[in-house]
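First the structure, in the form of structure tokens, and then the observations on it.
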Amino acid sequence: MPELPEVETVVRRLQQVLPGKTINSLTVLKEKSFVGDQFLVMEKTITEVSRRAKLIRIHLSDSTSLLVHLKMTGQLIYVDDQERLGGGHPTLDWVQELPSNHTRVWFDLGSHAALYFNDQRIFGWVKHMDEEAVQREYAKYAPDVIDDVVTPDYFFSKLQRTARPIKVAILDSKIMSGLGNIYACDALNLASIHPLRPGKSLSFEEAENLLDASKQVLEKGIALGGATIEHFRHVDGFSGDYQKEVLVYGREGEPCFNCGSALVKEKIAGRGTYYCSGCQK
DNA sequence: AATTATGTTGCGGT
DNA sequence: AACCGCAACATAAT
């Protein structure tokens, strides 16, 4: 589910509700989903929430952190008295029935507040880490697409070194982080570049356009609160809105907004890829 | 009813 | 080193 915009949406809301809360206790319902010593997390106060790549970092008062990766189907859902009592939403009854059968870990934050980590497919995780471990994890990822250090020169030089399809290259977190399958497809359409073009075949100008398009679709995704295709939810349980304005993802057979041709779906490197054979060259 | 699909990433092998 | 395929897992759709 989550790509950079979805994770950023989650982080921005968590920043509003978590700082100052103390973790009274945590319950691990699926061992695989939590890594660390549960005892070391208890009684710690949350000081801050931040994001890097698709990782969510919950900073604790002793300078350790909880790092969360949602992978394909993870959710972080927060509830407190306002959610459970008058602030509830009629279509979000499920929020009040947490923990659910997909809840893997949950945190009791006191005063009837709680944070639930739900994850249907159990690929995601919550790890308790010290600063050094966090930096080691961060080091696995190249800078974020929307980070200023990812310049056209940087991007072009990375592309020159690979013959893989450009679609695969922009999904490679060793090149840059943040794009996933939805936004990668949309960015290529916006830049009018065919997903199978070898990375090294892009001119500097094309690379520059594609990087700009990538930043644009991610920013739009953030502005719309992410894309809810299936599992992604805001921290409060609401859906995002980007799926209503996707350029190509999931629109097989429908007209390209740029040129009107019917969009096609093709499997590239094992991933469903949507594009327009009319204008993406 | 078996196969295929799903928003991520890491591993093992060529 | 680059690159490919598959694996982790649950569930819904064909």
Between [X] and [N], does any side-chain N or O lie under 4.0 Å from OP1 or OP2?
X        : N     : result
A:His69  : B:dT8 : no
A:Lys265 : B:dT6 : yes
A:Thr162 : C:dC3 : yes
A:Tyr141 : B:dT8 : no

Taking any heavy-atom pair under 4.0 Å as a contact, classify [X]: base, sugar-phosphate, or nothing.
X        : result
A:Lys30  : nothing
A:Tyr183 : nothing
A:Gly124 : nothing

Check every atom of [options] against the side chain of [X] and return the nucleotide holding the closest atom.
X        : options               : value
A:Lys140 : C:dC3, B:dG10, C:dA10 : B:dG10
A:Gln120 : C:dA8, C:dT11, C:dC3  : C:dT11
A:Ala163 : C:dA8, B:dT9, C:dC3   : C:dC3
A:Lys54  : B:dG10, B:dT9, C:dA10 : B:dT9

Pick the [atom1] atom in [N] and in [M], then give their distance to the nearest Å.
N      : M      : atom1 : result
B:dG10 : C:dT11 : P     : 24 Å
B:dT4  : C:dG5  : P     : 16 Å
B:dT3  : C:dC6  : P     : 15 Å

- Task: Hey, can you tell me if A:Phe156 and A:Phe204 have their rings parallel, tilted or perpendicular (30° and 60° cut-offs)?
- Result: perpendicular
- Task: First locate atom NZ of A:Lys158, then atom NZ of A:Lys174, and finally report the distance between them rounded to the nearest 0.5 Å.
- Result: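 Output value for this atom pair is 10.0 Å.
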- What is the pairing partner of C:dC9, taking Watson-Crick or G-U wobble pairs with both distances under 3.5 Å in any strand?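 Result: none.
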- Message: Check whether A:Phe257 forms a cation-pi arrangement with A:Arg251 (NZ or CZ under 6.0 Å from the six-membered ring centre, at most 45° off the ring normal).
- Response: yes
Roughly how many Å is it from [atom1] in [X] to [atom2] in [N], rounded to a whole number?
X        : N      : atom1 : atom2 : value
A:Asp172 : C:dA1  : CG    : P     : 15 Å
A:Arg164 : C:dA1  : CZ    : C1'   : 11 Å
A:Ile229 : C:dT11 : CD1   : P     : 20 Å
A:Lys71  : C:dA8  : NZ    : P     : 13 Å
A:Arg161 : C:dA1  : CZ    : C1'   : 11 Å
A:Lys158 : C:dA2  : NZ    : P     : 9 Å
A:His102 : C:dA10 : NE2   : P     : 9 Å
A:Lys174 : C:dA2  : NZ    : C1'   : 13 Å

Could you tell me whether the side chains of [X] and [Y] share a donor-acceptor contact shorter than 3.5 Å?
X        : Y        : result
A:Ser177 : A:Asp144 : no
A:Glu6   : A:Tyr183 : yes
A:His59  : A:Ser50  : yes

- Message: Let me spell it out: for each of A:Tyr274 and A:Glu137, pick the nucleotide of DNA chain B with the closest heavy atom. Which residue's pick is nearer the 5' end?
- Response: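 Final value for this comparison: A:Tyr274.
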